[in-house]
Each structure stands twice: as C-alpha cells, then as structure tokens.
There are 2 protein chains.
Amino acid sequence: MAPPPAPQTMKERILETADKLFYLQGIRAIGVDTIAAEIGISKRTLYNHFPSKDALIAAYLERRFVHARPSDKPPAEQILGTFDSLERRFSAKDFRGCPFVNAVAELGPTDRAVKKIAIAFKESRRVWFRERLTELGVAEAEALATQLVLLVDGSIAQDLVRDDPAMARAAKEAAKVLLRNAGVDVGGGAAKPTATRGKRAPQQ
Amino acid sequence: MAPPPAPQTMKERILETADKLFYLQGIRAIGVDTIAAEIGISKRTLYNHFPSKDALIAAYLERRFVHARPSDKPPAEQILGTFDSLERRFSAKDFRGCPFVNAVAELGPTDRAVKKIAIAFKESRRVWFRERLTELGVAEAEALATQLVLLVDGSIAQDLVRDDPAMARAAKEAAKVLLRNAGVDVGGGAAKPTATRGKRAPQQ
DNA sequence: TTTTGGTTACACAGACCTGTGTAATTAGTC
DNA sequence: GACTAATTACACAGGTCTGTGTAACCAAAA
C-alpha cells in the first residue's frame, strides 16, 4: 500500500534541508556549509546540484509555492477554513511567518528574483479568495478578496512577533464580519442587506 | 522663528544614518564601516559611541518606537486617519515595511532583545486602537483593536512585497465595515444595531 | 576489467564582517 | 601656552562567507 521508501534524489534532500534551515533560521543566517553538514554531504556535492546560493534560494522559494488543493466543501467553509489552518500552523512551534515576506525583508529591495516570486505567491492567494467569493455570488469579490488577504498576512505578521495563535482566531472573526457584510451566510448571525450585497450565487 | 540649526550630537548623527541604512537596506546588509563612511567619520568614533553593532541596532529600534501624538480629533476619525497616513507612507518610495517586523524576520527567533521591543511596539499600537474604541463606547474594544491591528500589519506586509498603496485603502474599507458593525458611525452607511453594539460613550 | 559519474576530503582564494590597538591630530578650555 | 577630550588614520586579529580546484574514492554499468 504505502509507496516504496521514496528513493529521494540528492537534489531533493538538499532542498528539503535548505528549506528547514532557511525558513527556521533565516536565509542570511544559514551558510551553504551548514546545509551540507546537516545532510552529511560535502559542500562540493551541493555546488554540483546548484550553481550558487542564489539558485538554491530561488529553488527553496519555488518549492514553498504550493498551490491550494481543490476542495468540494462549500466556498464559505473553505474561506473560513483558511484561518483555522492558520491557527494550527501558528500553534506549531516551527512556524516562523511567511517565507516569502521574510525573504523580501531579509534580502532587501534589490533582489528582483525573490520579489517576483513573492508577488506571484501573494497574488495567487488573492485570486484563490476571489474565486471562492465569486462562487458565492459576491459582487465585490475583488475588493473583498484583497481585504481577506490583509487579514491573513496581518495575522501572520502579528504571530511572527507575538507567537500568539489567537491572532488567527481574531482574523477569522473579522473575516466573518466582512463576509456577512457582503451578504454571505456564515452562520451565527443573519446576513444584513446592504447596497453592496451580492446576488444569490448564479454560478455554473 | 526657526530654531537654530540644531547642533546635532555625534550620537544622533550616527543614529540617523544607521536608521536610514538599516531600514532601507536591511540590518544584516549594512556593516558598521558603511555607516561610518556614509557620515564621513572613522569606524573608531562610531565604536566610541556604541559598544557594539547590537547596541546600535537596539538604539535604532528604540528610536523608531515613536509614540502616537495626542489628537483632539474625534476618535473614529483618528482611527481611520491611521490608514490614510499609512497610504501616504506606502506612496513614499522610501517605505520598506515595518522596521520591527523586518528586524525580527532578519535577526531570527534567537535575538530576544529585538523581539522584546518588537512586541512592545505592536502592543502599543493595539492599545492605542483600544483606547480610541473605548472612547467611542465600543463594547468589544479589545477584540476589535486586535482586528484593526491585523489590517494595519496586513497592509504593510502586502505593500512590502507588492508596492501597492491601494492596500492601505483596502484596509481602510475593511476597517470601516468592522467599525460600523460595532455600532460606530463612520459615515456613508447607517450603523446597524447588533448584539455586540456598544452603549453610548459614558467615559469620563 | 575498464570506464564512467557522482561523491568526498581538503585546501584555498577573495571578500566581507566585527571589534581593537595605537599614535597622531585637532579643537576647545583653562 | 598647556591641558583635555574627541576624533582620525590605519593596521590587524579573528571570524564568516561563497565559490573553486584537485586528487582520491567508490559503485555500478559496459
């Protein structure tokens, strides 16, 4: 049943270790020597698989860029579920903020490559929210998606400095208010009629 | 009229330059040599005023910890004004996120001193929101203040990677919805009566 | 067996960093 | 002028980092 022990390629082993160290301790704080030592390989081998540390950093971020899995739960549940999984991640002791935001903060405004992938990631999250909102028939899906993204990133930043998983719950409560205000039924309180209220979901 | 040219002390000159370089290019990216060279002083002089780079970093962050000036505008206006000034700062080309969040991201979870001042700063902003909300008679000032802080930090993080001042406007719109939902009149739409609505401000 | 490809150990270049030591210099004050 | 305090120039120790060069090694394929 379980697939064979997955003969992990050397490249993947390097990436996996780089990911752990870069993310937990910072890209600038970790040297290639440290990564090689952690795996138990020589630095030469590492450089045989990645031409430079920059290339390794880029590969690290690209590997972090996982797209959301499709789900058949109702869209509103999916949206709010985001905040639940955020809370779970905040509670894990190996959470240290958003790797993309951290990379931009660490590497500075000069590193175009890093910024580019960070933008792409943030945008993909926003689009995901927007699609769920459109499914719900929300009129101003675009604007609301942006606001939800702000709550996500805000809670991540707050948790990064405060180590407080409650930030995810606070974000979820705020998200509920915003959704309800847009005419989405999120349980617990009646949707209030509003000028910007969405029509009933007519999609497909 | 204008005060005399302000005979800036050497310490202040160092701090000012360190601030500019640390904030714009990153703490790890800037060496003490660079700071000294930028001012045109010797590295020795810098070390005569600060015992170590760590001390300089701490002083830099403490100097960034400016407390909000008291205002006599109505509290709701003050709260929303936060997002306006955020938008102005986003539009400036020398904005590069929150120095405290950046420092925590750069220096990692080990640096207790940096984390401590970052927490203190974030908390002071939350308290400021809470006080304004209490003045408005909002019942759940505590929870709402946290949510507003999420919007602030979220828009900062988003602008950091996207360079989009519109993030501040989006945060402001979300804040309006949250305030309105708590019974605060923010103009443009009637406050909706709610279970959690605040009583009329009875404070002092 | 011979060949081939990935790997290892290890030294090293070149850069940059923090922090110190020292003697000379400047500027202000008594 | 003489004394004092800050500043300067400059070398340097000791550390870290990225990236390369090289010869030996090992295992599997031909």
Calculate, to the nearest 0.5 Å, the distance between atoms CG and NZ belonging to A:L24 and A:K93 respectively.
9.5 Å
Looking only at heavy atoms, what is the nearest atom pair of B:Q158 and A:D153, with distance?
NE2-OD2, 2.6 Å
Rounded to whole Å, please give me the gap between OH in A:Y47 and C1' in D:dG19.
5 Å
I'd like to know if B:K53 reaches the base of C:dG19 with its side chain such that a donor and an acceptor end up less than 3.5 angstrom apart.
no
Does a side-chain N or O from B:T45 land closer than 4.0 Å to OP1 or OP2 of D:dT7, or not?
no
Does A:H49 place a side-chain N or O at less than 4.0 Å from the phosphate oxygens OP1/OP2 of C:dG6?
no
In whole angstroms, the gap separating P of C:dT7 from NZ of A:K11 amounts to 12 Å
A:L46 CG to C:dA9 P, straight-line distance once rounded to whole Å
14 Å
B:R44 CZ to D:dC12 C1': how many Å, rounded?
12 Å
Could you tell me the separation between the NZ atom of B:K43 and the C1' atom of C:dC16, rounded to a whole number of Å?
11 Å
Could you report the tightest heavy-atom contact between A:D159 and A:P165, atom names first, then the distance?
OD1-N, 3.6 Å
Take atom CG of A:D33 and atom P of D:dT20, then tell me their distance rounded to the nearest Å.
14 Å
Closest approach of A:G97 and A:L160, non-hydrogen atoms and distance?
N-CD1, 3.9 Å
Rounded to whole angstrom units, what separation is found between the CD1 atom of B:I27 and the C1' atom of C:dT18?
16 Å
Rounded to whole Å, the CZ-P distance (B:R28 to D:dC17) equals 10 Å
